[in-house]
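Structure first, then comments.
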Amino acid sequence: MEYEIRYKPAFATLFMTLQPGDSIIAEAGAMVGMEGKVSIKTTFSGGFFSAFIKNLLGGESLFVNTFTNKTNQPLEVVLSQATIGDIVAVELQRGQELCFQPGAYIASSKAVKLGVGWAGLASWFAREGLFKLKVTGPGLVFFGAYGGITPKQITQEFIVDNGHLVAYEPGIKMGVGLAGGLLGSLTSGEGFINKLRGNGVIYLQSRSIDGLVKFLSPKCR
Amino acid sequence: MKIKILQQPDCAIARVTLETREELVAEAGAMVAMSESINTSTTLRQGKGGGILGGLKRMVAGESLFLSVFRSPISGGEVFLAPKLLGDILHYQVAGSGLVVQATSYLASHSDVDIDLGFQGFKSLFSGENIFWLDLSGQGDVLINSFGGIYEVDVKDEYIVDTGHIVAFEKTLNFEITKSGSSWIGAFLGGEGLVCRFRGQGKLYCQTHNSTAFGQLVGPRLPAKES
């Protein structure tokens, strides 16, 4: 399976070449275009129960599509996301996990397991959802964001504004805090902040849909 | 007519330089700047098939396209054109069998290019989606815009595109609106819904992003319009 992410960073789009026998699993609605001979199969993402929880509480789609090349020549599949912005590929080792915020997941290779994890009340309070999507290696996983994606290795504590966290390693826990006291937090416009604790890599998006909505809302008259 | 596309691909803008008495037709509102000498007028549409019947057809179908016409009395008059959304612009030469363009992707064309509204091939099947199609024929330059990048597919065998990602395609291609996979249930549950299956030989232009999908992500979170 070969891939190329073109039109980075503003309109990043995933151009995959499936070799004979290759498969790729993608979020419902991610397909832009593909060669006619690619076979598609729609399934619950990670089993019915897990899919149901994800849909109900995690804001993820109930279904995923599996694209398979059953021919004996290479075939192309083009995948993208609803928001404009960048796409990142991560190669997971066996057993290595990565957690996603709702909507970030785009696609993964077939051996990657899609599951749900309890994100905790703090996560819900930070408006990040009660459950999180958890992927487990081995294999490739692709995720996207609104804006650019910055990886950051954190140790102990790190603070992230709501709506800017895209993905994080499972060892990291979320907590809610105020950005510099009650008054400061109200006046600085930062409100509640997401206090992350633990060691691992987090991925940040350089813009947030929340920010866009806040900018546009007063103009809707 | 000379066309230069600048600021590609994220925020493309087209600079069109007109010869004496040459005319450029463009989507209303697309003009960013122009030379002082250029004369402008507005029309509901130019080319054949207009008139009362054409107007009626559009009223019934809920389709209309206001077009601006730019005419340069002297050589070297310039018009700058850009779409509203972020994205790319494609310069295409219509000739021969013609090009079908998604209406929101149409930016401008030479006045020798005929624009026919409401390409019938897709119509009934797309009733749920608020898109319609322009049928461009004749000969001349056409400018097409996209939300995101535009990628070209040289269809030789068969290619499938999600309906929201089609920008334009050559009329030498046959197409069929169909389900994405082998089962109807899967097609709708899988979020792909209807796709367009192109067959034959010809060029197909797709946009990497879908403005409707982006709109649906942001739109529901905006306050309702006060009426």
Side-chain angles (χ1 to χ4, degrees), chain A residues 5-15 26-45 51 61-68 71 73 75-85 87 103 144 146 209-221, chain B residues 9-11 85-88 146-151 153 155-162 164-166 176 178-193 195-199 204-226:
Chain A
I5 302 171
R6 293 188 208 157
Y7 307 102
K8 271 168 93 75
F11 305 126
T13 301
L14 192 53
F15 288 76
E27 166 79 347
M31 196 269 289
V32 174
M34 63 181 194
E35 286 184 71
K37 289 189 181 119
V38 177
S39 314
I40 302 190
K41 201 175 160 217
T42 303
T43 50
F44 288 108
S45 74
S61 166
L62 202 51
F63 300 94
V64 290
N65 289 314
T66 305
F67 299 88
T68 308
T71 68
Q73 74 209 69
L75 295 174
E76 185 186 68
V77 177
V78 182
L79 303 171
S80 192
Q81 54 176 351
T83 80
I84 50 178
I87 294 176
Y146 176 58
I209 295 288
D210 282 355
L212 178 64
V213 168
K214 269 184 205 150
F215 170 76
L216 290 175
S217 295
K219 296 174 169 52
C220 290
R221 265 183 288 168
Chain B
D10 296 352
C11 297
L85 292 172
L86 300 176
D88 205 356
S146 65
F147 181 55
I150 297 182
Y151 74 93
V153 182
V155 180
K156 288 200 172 61
D157 188 13
E158 195 178 275
Y159 200 86
I160 292 173
V161 192
D162 182 275
H165 289 271
I166 306 167
E176 177 195 9
T178 172
K179 54 197 189 296
S180 52
S182 51
S183 83
W184 277 104
I185 295 172
F188 283 94
L189 299 183
E192 304 297 349
V195 296
C196 192
R197 193 181 285 266
F198 289 94
R199 281 195 187 95
L204 162 69
Y205 298 94
C206 304
Q207 56 188 356
T208 58
H209 287 68
N210 179 343
S211 55
T212 306
F214 187 59
Q216 281 166 352
L217 195 72
V218 180
R221 299 178 54 186
L222 296 174
K225 255 189 189 155
E226 290 168 35

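What you are looking at is a predicted structure, and each value in this text was computed from that prediction instead of being measured. Values below: every heavy atom of this structure, side chains too, minus hydrogens, waters and symmetry copies.
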*At their closest point, which heavy atom of A:Ser80 faces which heavy atom of A:Val32, and how far apart are they?*
CB-CG2, 3.5 Å
*Atom group of A:Ala26 that falls short of 4.5 Å from chain B, counting heavy atoms*: neither
_At a heavy-atom distance under 4.5 Å, which candidate from B:Thr208, B:Val153, B:Val161 has the highest pair count against chain A?_
B:Thr208
*Between A:Thr83 and chain B, which part of the residue has a heavy atom less than 4.5 Å away: side chain, backbone, both or neither?*
both
_Does any backbone or side-chain atom of B:Leu85 lie under 4.5 Å from a heavy atom of chain A? Answer side chain, backbone, both or neither._
neither
*For chain A, the option from B:Gly148, B:Pro9, B:Cys206 that forms the most heavy-atom pairs under 4.5 Å*: B:Gly148
*asked:* Can you classify the ring geometry of B:Phe214 versus B:Phe147 as parallel (below 30°), tilted (30 to 60°) or perpendicular (above 60°)?
replied: tilted
*Close side-chain approach of A:Ile40 to A:Met34, heavy-atom, < 4.5 Å*: yes
*Under a 4.0 Å N-O cut-off, is there an ion pair linking B:Glu158 with A:Lys37?*
no
*Considering all heavy atoms of both residues, which atom of A:Ile87 and which atom of A:Ile5 are nearest to each other, and what is their separation?*
O-CD1, 3.7 Å
*Quick one: what part of B:Gln207 sits under 4.5 Å from any heavy atom of chain A, side chain, backbone, both or neither?*
backbone
*Name the member of B:Gly149, B:Gly219, B:Ser211 that forms the most heavy-atom pairs with chain A at distances under 4.5 Å.*
B:Gly149
*Checking B:Asp157 against chain A: side chain, backbone, both or neither under 4.5 Å from a heavy atom?*
side chain
*Which bit of B:Leu86 comes within less than 4.5 Å of chain A, counting heavy atoms only: side chain, backbone, both or neither?*
both
*Using 30° and 60° as the class limits, which term best fits the ring planes of A:Tyr7 and A:Phe15: parallel, tilted or perpendicular?*
tilted
_Looking at chain B, which one of A:Leu216, A:Ile84, A:Leu79, A:Leu212 has the largest number of heavy-atom pairs inside 4.5 Å, strictly under?_
A:Ile84
*What are the two closest heavy atoms between A:Lys8 and A:Ala12, and how far apart are they?*
CG-CB, 4.0 Å
